[in-house]
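Letters A, B, ... are given to chains in the order of the sequence lines, protein chains preceding strands, and every chain is numbered from 1. All values derive from a computational prediction rather than experimental measurement.
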There are 2 protein chains.
Amino acid sequence: MVSRAIARAAVLMNNNSGKKSHGKPTIATVAQRAGVAVSTVSRFLNGHYVSKEARARLTEVIEELGYVRSWTARNLSLGLRGCVGVVVDSSQDLWFTQLLAGIEEELSTRDTSLMLASLELSGRYDPRIVQQWVRERRVDGVILVKSQRRDRPLIHECTEAKLPTVMVAPDEAVAHVHVVRCDNRAAGATVAHHLANLGHKRIAFAGGPEHSVDTRQRLNGLREGLEERGVRLDPKRVSFCASYEADAGCQFASEILKAPLDFTALVTGNDALALGFMRIAQQHGIRIPERVSVAGFDDIPEGALLWPGLTTIAQPTREMGRAACQKLFEAIAEPGEQQVLVYPVDLVVRESTARPVKP
Amino acid sequence: MVSRAIARAAVLMNNNSGKKSHGKPTIATVAQRAGVAVSTVSRFLNGHYVSKEARARLTEVIEELGYVRSWTARNLSLGLRGCVGVVVDSSQDLWFTQLLAGIEEELSTRDTSLMLASLELSGRYDPRIVQQWVRERRVDGVILVKSQRRDRPLIHECTEAKLPTVMVAPDEAVAHVHVVRCDNRAAGATVAHHLANLGHKRIAFAGGPEHSVDTRQRLNGLREGLEERGVRLDPKRVSFCASYEADAGCQFASEILKAPLDFTALVTGNDALALGFMRIAQQHGIRIPERVSVAGFDDIPEGALLWPGLTTIAQPTREMGRAACQKLFEAIAEPGEQQVLVYPVDLVVRESTARPVKP
DNA sequence: TTGTATGCGTTATCAG
DNA sequence: CTGATAACGCATACAA
């Protein structure tokens, strides 16, 4: 007992003068300098009850010492990791990089780092890394981006482990997790109105995979939007691609261009499909938008880079990234109700759509 | 012997039974179950000296308990953060996202997370977040991607703070840090040979900023490569853009297209510039590659998406990301010599280059 | 409101 | 080679 008290005294001595550790001031240094207990400092740092005088003294001392708290220690004490996981099919996805910017922004305000996981890093689907995260609880929460049907087991594991989870733009109906997405139906309707206003009557739709919720909602929006303008979307002109990749758009184009085009405007399930279509169409000498107008969804940056620029629907992607992060932090702080946040979309008109030469 | 071990185990059991842990097994749980001290377990985990028997017993117990070590605690003890910083102008940069994939890959093998910082997140240059990182030592090291002249103060702060630093594809001459980059001179020479082989004699170069090291090296490589084929690069056909963005490429195109083209092939400082040029050229009805061949550097994914596809020089970007990460970990483990890793490049031929119609 | 004492899970030191 | 124990820096019941 006595020896222990002495040891403690020695420690305090050390903290006082020599700063034996990394040289950086700790909560103890601050406490001592301010003449209060460490717990008071801790309470102050976390915004709990502290007397006016102590508060003033502490702000002063902290400033003076240039003290910054150790989040590692805090996390250890709290049983946290100070790190959230972000999961996406491929970090190459351009829409995702915009989302990432929003996440990054929000993360930088807290002291939380992030771990990235691409489900398809090396060409084939492999969710094991993420499964490790949840099993070993290497992250305090996860943001699942654009998850699909094949991710169901993964999602299940997250909820099962009671790991705070936020899904962004899920292409699946999900429950028991926060969701941040855009208004796909409105997006479809907006495109519809744009094309109808230009005078298009014969419009085709080339979606992503048929079971994709995004595709279905966008298609519904398109159909309804056209009907509102008295234009009918002929089911014969509706088709689906195998994926959302540009390759699938190329394939669709190669297929459809075997016969003469019987439509004046094409709406695709997303921008990548549109770009793929445009690439092949141009290769075939088909002029856009003179011969056919093209519109997509997502507003990926490439759309603005090529000629003609792609008319598309923009989501407030960065804002959605920030929101996802905020929701995740809320969920980590106190697991509560699951919310669904729906964001409005915007039409971006570029050169790929124009009045039809002959309706 | 045996009975003593058992007795000790019993005591430890008692000691431990009162603990209110999160239910997860800790190093102590493992130690008592295996009948050894925590320090032995720790040594085992870190690959230090442990007797054969203890080693065997521990692997067994750890497997049995499903024990996973707490990296938070480890970092606290080691004075680390378990997190590296990755800094780039804009996380939207497509070349960067490929690099990120490599970094991600390497990070996932260790238990280290990452913090992202875009120097130009909100439109204007703002290195304050990164400065905070180094001052408060919120990261164990940083990877600086494509840093430029304006980043000099930042780099200085990093080295000053003795923060392990790796630079990837720096566009500046730097010392005292690890560097991972590609062979820009060879890249230029490779393009030169490709174009010369196609029969081009009148070749133009539109670089990035004039002081850019990348641009200068690529230009030198191009010039030398052409000379090797007996083609002279006319200085009148060499110009520089204000930036490496597509916009600058557009601007260059608008400018140069005011007069008739006096060259049959254009090499740009990077792919983005090439895309910008192509967009405007096509808008002006200039056919690529019939009227002018175009080649860039970097092999960003968009280059393959449009028509005609862009001929370019590919870097082993992902591998470079992994290497940067590895070097950083080495530097964190033991600060030592600064190395420069130079990676070879590859020519990717697409549709934007062809034989000139009339040399 | 403040202070005391202890826990969080590892690693490092140093004596056996 | 192994074991006991002091850091690491912070949070928080509990007592005052």
B:K146 bridged to B:D151 by N-O distance under 4.0 Å =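 Judged by the 4.0 Å cut-off on N to carboxylate O distance, B:K146 and B:D151 do not form a salt bridge.
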May I ask you to decide whether B:E319 forms a salt bridge with B:R322, counting only side-chain N to carboxylate O separations under 4.0 Å?
->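 Salt bridge between B:E319 and B:R322, a charged N being under 4.0 Å from a carboxylate O: no.
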Length of the CZ-P vector between A:R55 and C:dT1, whole Å |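 Answer to the nearest Å: 9 Å.
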Mind calculating the distance between NZ (A:K24) and P (D:dC10) to the nearest angstrom?
->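 It is 11 Å, rounded to the nearest whole Å.
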For [X], salt bridge (charged side-chain N to carboxylate O under 4.0 Å, His left out) partners two or more places apart:
X: A:R150; answer: A:D89, A:E120
X: A:R135; answer: A:E157
X: B:R137; answer: none

Do side-chain atoms of A:S147 reach the backbone of A:L144 as a donor and acceptor pair under 3.5 angstrom?
->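 Pair absent, no side-chain N/O of A:S147 close to backbone of A:L144.
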Can you sort out the partners of A:T112 under side chain to side chain contact (heavy atoms under 4.5 Å, CB included), two or more places apart, ordered by chain and number?
->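 For A:T112, the residues satisfying side chain to side chain contact (heavy atoms under 4.5 Å, CB included) (neighbours in sequence not counted) are A:V84, A:L107, A:R110, A:F329.
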Summarise how protein sits on nucleotides 10-16 of chain C as a single string, 5' to 3': B when a protein heavy atom is under 4.0 Å from the base, S for sugar-phosphate-only contact, - for no contact.
-> BBB----
Do A:R181 and A:M167 have side chains that get closer than 4.5 Å, going by heavy atoms?
->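 No, side chains not in contact.
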Find the bend of the helix from C:dT1-D:dA16 to C:dG16-D:dC1 as the angle between its two terminal axes (five pairs each), to the nearest 10°.
->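 The helix from C:dT1-D:dA16 to C:dG16-D:dC1 shows an end-to-end axis angle of 40°.
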